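So the structure is just underneath, and the comments pick up after that.
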Amino acid sequence: MNSSIFDESLNRKNTSSLKWDALQTIYGIEDLLPMWVADMDFPAPPFVQEALIERIKHPVFGYTIAPPSVYGHITDWLQTRHSWEITKDQITFSPGVVSSIGTAIQALTKPNERILIQSPVYMPFFDMVKRNGREVVLNELQLVDNRYTIDFTDFEEKIKNDVKLFLLCSPHNPGGRVWTKAELQKMSELCLQYNVTIVSDEIHADLIHSSYQHVPTASLNPTIADNTITFMAPSKTFNLAGLQASYMITNNKKLQLAFKRVQEAQGFHGLNTFALTAMDAAYHKGGQWLDELLAYIEANIQIAESFIANEIPTLSCMHPEASYLLWIDCRGLGLTDQQIQDALLQKGKLALEPGKKYGPGGEGFVRMNVGCPRSVLLDGLNRLKLALTNN
């Protein structure tokens, strides 16, 4: 593997980077090592850069339509990487998964209706439900042998109580769980039984580690597919978040039309020129690059897990089955969430995501982004030790 492309430490300061240039605004401190927000510190793949440079050589950037090739490359990618066969007609573009969740909530529910989520979970799930005037219903995940599991008894009790929509995070963020086919089947069948539409956020689907396999919810069977809309994007996979490119997939024309109507009401009619160019190139040529990225990230995870076990044994790390995010259990320190954050910021000069942001069950945890060059990772781990030990 050519790891050198991932070893290079790039200076991202003064590039309008949320991760690096907004530390003072978000944390109140400028001189921090940022390992918080979920974008990687690796360059976008060379073939994506080349495609963007080639496109920019033509100096007209007018209204843009999606080229036929991008549909073909998406469908080929999903077939090759996930054994999921879809058609062009099932794809609807959107600028991002979070905005798509908001669109789906507006399209498929009414004000004050109930939406089920599984905490701890990616915080925009809470935000989108509440900001759109709907009610959050919680099915809290259970921590069993340092791994999240689903309380299906509670799931059914909650979902049968007039819930209209289920927001599923698959793979799970922040815990890194890759839900099994059996788990997805059981949740999906309960949703069918109680007439609850599934909105499946699968943005981390490509970042699956060795010995695990992502199963798209809608690939389980045609009946489940007809009750599901799926959100995917190249942004996490290829580090393209700033280009704002994602897409929704469903074979249910009624759900698709409802989604598109809300997009039209918002004035959204398509992706920008560079989003389409980057997406097309990424899915066309990205297989080998992604394999090399995953090998590098898995090595980073092993280094981090070993370091924490040996150097900071009061902490424990949930082994991620997907993505480049570590969910670290700090409860053994006996500190409050605020005390943990104060120690990280003041002593370690390290910016991590506080677990409390992820809802009930996240208290006492922090999320660490290890999608970075190894030198940055080691710096971050040493800062973590400095912050949370008395040595």
Side-chain angles (χ1 to χ4, degrees), residues 18 37-39 90-139 141 158-159 163-175 177 179 184 187-188 191 196-206 214 216-218 225 227-237 240-250 252 254-268 271 275 322-323 325 353 357-359 362:
L18 173 66
V37 72
D39 74 6
Q90 293 172 239
I91 298 171
T92 303
F93 292 112
S94 65
V97 167
V98 174
S99 61
S100 292
I101 290 171
T103 300
I105 288 170
Q106 293 172 31
L108 305 178
T109 65
K110 298 175 183 176
N112 301 316
E113 288 190 330
R114 294 158 61 83
I115 297 175
L116 184 74
I117 63 178
Q118 296 172 305
S119 67
V121 72
Y122 183 49
M123 49 278 192
F125 276 40
F126 293 91
D127 295 340
M128 288 297 97
V129 175
K130 293 177 181 178
R131 290 175 181 174
N132 283 287
R134 276 62 166 175
E135 181 183 345
V136 171
V137 179
L138 287 179
N139 169 232
L141 297 172
K158 298 290 177 61
I159 209 164
V163 165
K164 300 300 181 184
L165 207 66
F166 169 41
L167 297 185
L168 171 62
C169 193
S170 178
H172 181 254
N173 173 14
R177 266 303 314 273
W179 305 115
L184 293 168
M187 288 189 287
S188 298
C191 288
V196 175
T197 306
I198 302 168
V199 173
S200 190
D201 171 3
E202 303 187 16
I203 196 170
H204 293 274
D206 294 326
H214 174 74
T217 308
N227 191 47
T228 303
I229 63 175
T230 303
F231 296 136
M232 288 183 158
S235 51
K236 303 299 181 191
T237 310
L240 304 176
L243 293 177
Q244 298 186 323
S246 76
Y247 50 97
M248 182 269 280
I249 301 168
T250 186
N252 185 318
K254 184 178 179 181
L255 295 179
Q256 186 181 43
L257 180 59
F259 185 88
K260 285 185 172 181
R261 280 176 174 165
V262 174
Q263 284 191 319
E264 290 166 1
Q266 296 167 341
F268 174 79
L271 297 180
S323 198
L325 304 169
E353 286 275 54
K357 288 178 65 174
Y358 297 82

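Not measured: the values here are computed from a predicted model. The first residue of the sequence shown is numbered 1, and numbering continues consecutively from there.
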To the nearest 0.5 Å, tell me how far Thr197 OG1 sits from Asn227 CG.
-> 5.0 Å
Min side-chain heavy-atom separation Leu325-Pro174 under 4.5 Å = no
Show your working on side chain to side chain contact (heavy atoms under 4.5 Å, CB included) between Leu168 and Leu184 and close with a plain yes or no.
-> CA-CA 10 Å; Leu168 171 62; Leu184 293 168; 3.8 Å; yes
Can you name the residues that form a side chain to side chain contact (heavy atoms under 4.5 Å, CB included) with Val136, not counting sequence neighbours?
-> Ile117, Phe126, Val129, Lys130, Leu138
Under the side chain to side chain contact (heavy atoms under 4.5 Å, CB included) test, which residues partner Glu135, sequence neighbours left out?
-> Arg114
For Ile203 and Thr237, the nearest pair of non-hydrogen atoms, with its separation, is O-OG1, 4.5 Å
Set of side chain to side chain donor-acceptor pair (under 3.5 Å) partners for Ser200, sequence neighbours left out = Glu202, Thr217
Is it true that a side-chain atom of His172 and a backbone atom of Pro120 form a donor plus acceptor pair closer than 3.5 Å?
-> yes
Could you list all the side chain to side chain donor-acceptor pair (under 3.5 Å) pairs where at least one residue sits in residues 115-124, not counting sequence neighbours?
-> Gln118-Asn139
With respect to Phe259, which candidate in Arg261, Gln263, Gln256 satisfies the side chain to side chain contact (heavy atoms under 4.5 Å, CB included) definition?
-> Gln263
Any donor and acceptor pair, going by atom type alone, linking the side chain of Asn252 with main-chain N or O of Ala225 inside 3.5 Å?
-> no
Mind checking what makes side chain to side chain contact (heavy atoms under 4.5 Å, CB included) contact with Ser99, not counting sequence neighbours?
-> Pro95
Rounded distance (nearest 0.5 Å) linking atom SG of Cys169 with atom CZ of Arg177 = 12.0 Å
Go through the steps for Ile198 and Ser188 under the test side chain to side chain contact (heavy atoms under 4.5 Å, CB included), then give the verdict.
-> CA-CA 8 Å; Ile198 302 168; Ser188 298; 3.7 Å; yes
Looking only at heavy atoms, what is the nearest atom pair of Leu108 and Leu255, with distance?
-> CD2-CD2, 3.7 Å
What is the minimum heavy-atom distance between Ile101 and Phe125, and which atoms define it?
-> CD1-CE1, 3.7 Å
Considering non-hydrogen atoms only, spot the tightest contact between Phe166 and Cys191 and give its length.
-> CD2-SG, 3.7 Å
To the nearest 0.5 Å, tell me how far Met232 CE sits from Asp201 CG.
-> 9.5 Å
Could you state the interatomic distance from CG (Leu257) to CD (Glu264), rounded to the nearest 0.5 Å?
-> 8.0 Å
Donor-acceptor under 3.5 Å (Lys158 side chain, Val137 main chain) = no
Answer yes or no: is there a donor N or O on one side and an acceptor on the other, between the side chain of Arg134 and the main chain of Asn132, under 3.5 Å?
-> yes
Look up atom CE in Met128 and atom CD1 in Ile105, then write down how far apart they are to the nearest 0.5 Å.
-> 7.0 Å
How many angstroms lie between atom CZ of Phe93 and atom NZ of Lys260, to the nearest 0.5 angstrom?
-> 10.0 Å
In chain order, what residues pass the side chain to side chain donor-acceptor pair (under 3.5 Å) check against Ser246, with sequence neighbours excluded?
-> Ser94
Where is the tightest heavy-atom contact between Ile115 and Leu167, given as atom of each residue plus distance?
-> CG2-CG, 3.8 Å
For Thr228 and Thr250, which heavy atoms make the closest approach, and how far apart are they?
-> O-OG1, 2.9 Å
